[in-house]
**Student:** 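The structure's right below; bear with me while I get my questions together.
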Amino acid sequence: MRMLRTCLAAGLVAGVAAAAQCAPDLAHGAQVYVRCMACHATAYDRVGPRHCGLIGRRAGSVPGFAYSAAMKKSQIVWDEKTLDVFLAHPLKIVPGTTMTYDGVPDQKDRADLVGYLKRLDDTAECRNLRLTAPASR
């Protein structure tokens with residue numbers, strides 16, 4: 001939140017160019033996402049659930065994926081804020097999750113990762129998944 005306020009203030013004081021510096025670095029976000037790929041993929045489930053369709057999805061809701069009871073009961077809906085908080089300390093935010101990764105402590109890494117995750121649905125891989133998904137989805 002502090003970073004967001006700083007970015008907004010920079011944009012108001014110095015114009016659009018300063019605010020653009022605060023935009024997520026998607027290439028760096030993709031590099032950070034490599035850490036996630038040990039368990040997750042974008043368009044299919046692995047040890048962790050797929051990330052296509054993540055934004056706006058309720059945690060623990062991918063059909064057919066075997067989530068922990070803790071994740072199913074978490075009531076989290078994934079957006080920029082919830083992802084930032086969760087990714088900082090997943091094991092503390094959802095005690096009992098089966099996710100074993102201890103998080104992304106660096107705020108810039110998390111911001112870029114969340115920016116990358118937000119744009120996944122615009123990729124051909126995620127669009128193709130939506131086109132082939134059953135109508136009930």
Side-chain angles (χ1 to χ4, degrees):
M1 187 56 113
R2 186 176 185 199
M3 186 170 128
L4 177 61
R5 282 194 299 258
T6 303
C7 289
L8 290 174
L12 291 173
V13 172
V16 177
Q21 293 175 0
C22 295
D25 178 342
L26 301 182
H28 180 244
Q31 291 173 342
V32 177
Y33 187 74
V34 169
R35 301 177 203 170
C36 306
M37 292 173 65
C39 296
H40 295 274
T42 55
Y44 59 92
D45 300 334
R46 297 186 70 213
V47 173
R50 71 192 79 137
H51 283 148
C52 287
L54 179 65
I55 303 300
R57 184 169 73 208
R58 181 175 296 279
S61 68
V62 170
F65 187 81
Y67 288 96
S68 65
M71 190 59 76
K72 287 180 191 176
K73 293 178 186 177
S74 71
Q75 300 298 308
I76 295 170
V77 175
W78 300 119
D79 61 20
E80 286 178 79
K81 183 176 180 178
T82 58
L83 280 167
D84 180 57
V85 170
F86 178 77
L87 290 170
H89 303 285
L91 307 175
K92 290 180 184 175
I93 301 304
V94 182
T97 181
T98 54
M99 183 169 166
T100 58
Y101 187 65
D102 199 29
V104 181
D106 183 82
Q107 186 176 19
K108 175 73 170 132
D109 286 350
R110 279 195 320 277
D112 292 345
L113 175 59
V114 170
Y116 174 79
L117 290 169
K118 279 183 61 179
R119 286 158 183 87
L120 274 181
D121 283 347
D122 296 333
T123 65
E125 187 174 33
C126 289
R127 281 194 309 272
N128 289 338
L129 181 65
R130 284 193 310 269
L131 293 173
T132 59
S136 63
R137 190 165 182 239

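All residue numbers in this chain count up from 1 along the given sequence.
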**Student:** Evaluate the side-chain proximity of Leu113 to Val104: yes if any heavy-atom separation is below 4.5 Å, no if none is.
**Tutor:** yes
**Student:** Rounded to the nearest 0.5 Å, what separates atom OH in Tyr116 from atom CG in Asp25?
**Tutor:** 12.5 Å
**Student:** Would you say that Ser74 contacts Ile93 through its side chain, given a criterion of any heavy-atom pair below 4.5 Å between the two side chains?
**Tutor:** no
**Student:** Is there a side-chain contact between Asp109 and Arg35, using heavy atoms and a 4.5 Å cut-off?
**Tutor:** yes
**Student:** Under 3.5 Å, is there a donor-acceptor pair between the side chain of Arg46 and the main chain of Met37?
**Tutor:** yes
**Student:** May I have the step-by-step check of side chain to side chain donor-acceptor pair (under 3.5 Å) for His89 and Asp102, ending in yes or no?
**Tutor:** CA-CA 6 Å; His89 303 285; Asp102 199 29; 5.7 Å; no
**Student:** Looking only at atom types and distance, does a side-chain atom of Thr82 sit under 3.5 Å from a main-chain N or O of Val77, one as donor and one as acceptor?
**Tutor:** yes
**Student:** Taking the side chain as C-beta and beyond, is there a heavy-atom pair between His28 and Val32 under 4.5 Å?
**Tutor:**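 His28 vs Val32: side chains touch.
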**Student:** Hey, are Asp112 and Lys108 close enough for a salt bridge, meaning a charged N less than 4.0 Å from a carboxylate O?
**Tutor:** yes
**Student:** Check step by step if side-chain contact (heavy atoms from CB on, under 4.5 Å) holds for Met71 and Met99.
**Tutor:** CA-CA 9 Å; Met71 190 59 76; Met99 183 169 166; 5.6 Å; no
**Student:** Do Arg57 and Asp79 sit within salt-bridge range, that is, some charged N less than 4.0 Å from a carboxylate O?
**Tutor:**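 Salt bridge between Arg57 and Asp79, a charged N being under 4.0 Å from a carboxylate O: no.
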**Student:** As an exercise, state the distance from SG of Cys126 to CG of Leu120, rounded to the nearest 0.5 Å.
**Tutor:**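 Separation between the atoms: 5.0 Å.
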**Student:** Take Ile76 and Arg58 through the side-chain contact (heavy atoms from CB on, under 4.5 Å) test and state the conclusion after the steps.
**Tutor:** CA-CA 6 Å; Ile76 295 170; Arg58 181 175 296 279; over 6 Å; no
**Student:** Out of curiosity, Asn128 CG to Cys52 SG, how far, rounded to the nearest 0.5 Å?
**Tutor:**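 Result: 9.5 Å between the selected atoms.
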**Student:** How far apart are the closest heavy atoms of Gly96 and Ala70, and which atoms are they?
**Tutor:**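 The pair with the smallest heavy-atom distance is C-CB, 3.6 Å.
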**Student:** Count the heavy atoms of every other residue, nucleotide or ligand shown that sit under 6.0 Å from OH of Tyr44, and state whether that count exceeds 12.
**Tutor:**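 Open.
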**Student:** So do Leu83 and Ile55 actually touch side chain to side chain, heavy atoms under 4.5 Å?
**Tutor:** yes
**Student:** Do Lys72 and Tyr67 come within less than 4.5 Å of each other through their side chains, counting heavy atoms only?
**Tutor:**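 Yes; the side chains approach each other to less than 4.5 Å.
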**Student:** Linking I/L/V/M/F/W/Y whenever their side-chain heavy atoms sit closer than 4.5 Å, directly or via other members, would Val94 and Phe65 fall into one cluster?
**Tutor:**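 Val94 and Phe65: one cluster.
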**Student:** Less than 4.5 Å apart, side chain to side chain, heavy atoms only: is that true for Pro24 and Val114?
**Tutor:** no
**Student:** May I ask you to check whether Tyr33 and His40 show a side-chain donor-acceptor distance below 3.5 Å?
**Tutor:** no
**Student:** If we only count heavy atoms from C-beta on, is the Val62 to Arg50 side-chain gap below 4.5 Å?
**Tutor:** yes
**Student:** How long is the straight-line distance from CG of Leu87 back to CG of Leu117, given to the nearest 0.5 Å?
**Tutor:** 7.0 Å
**Student:** Say you draw a straight line from NE2 of His51 to SG of Cys36; how long is it, rounded to the nearest 0.5 Å?
**Tutor:**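 That separation rounds to 6.0 Å.
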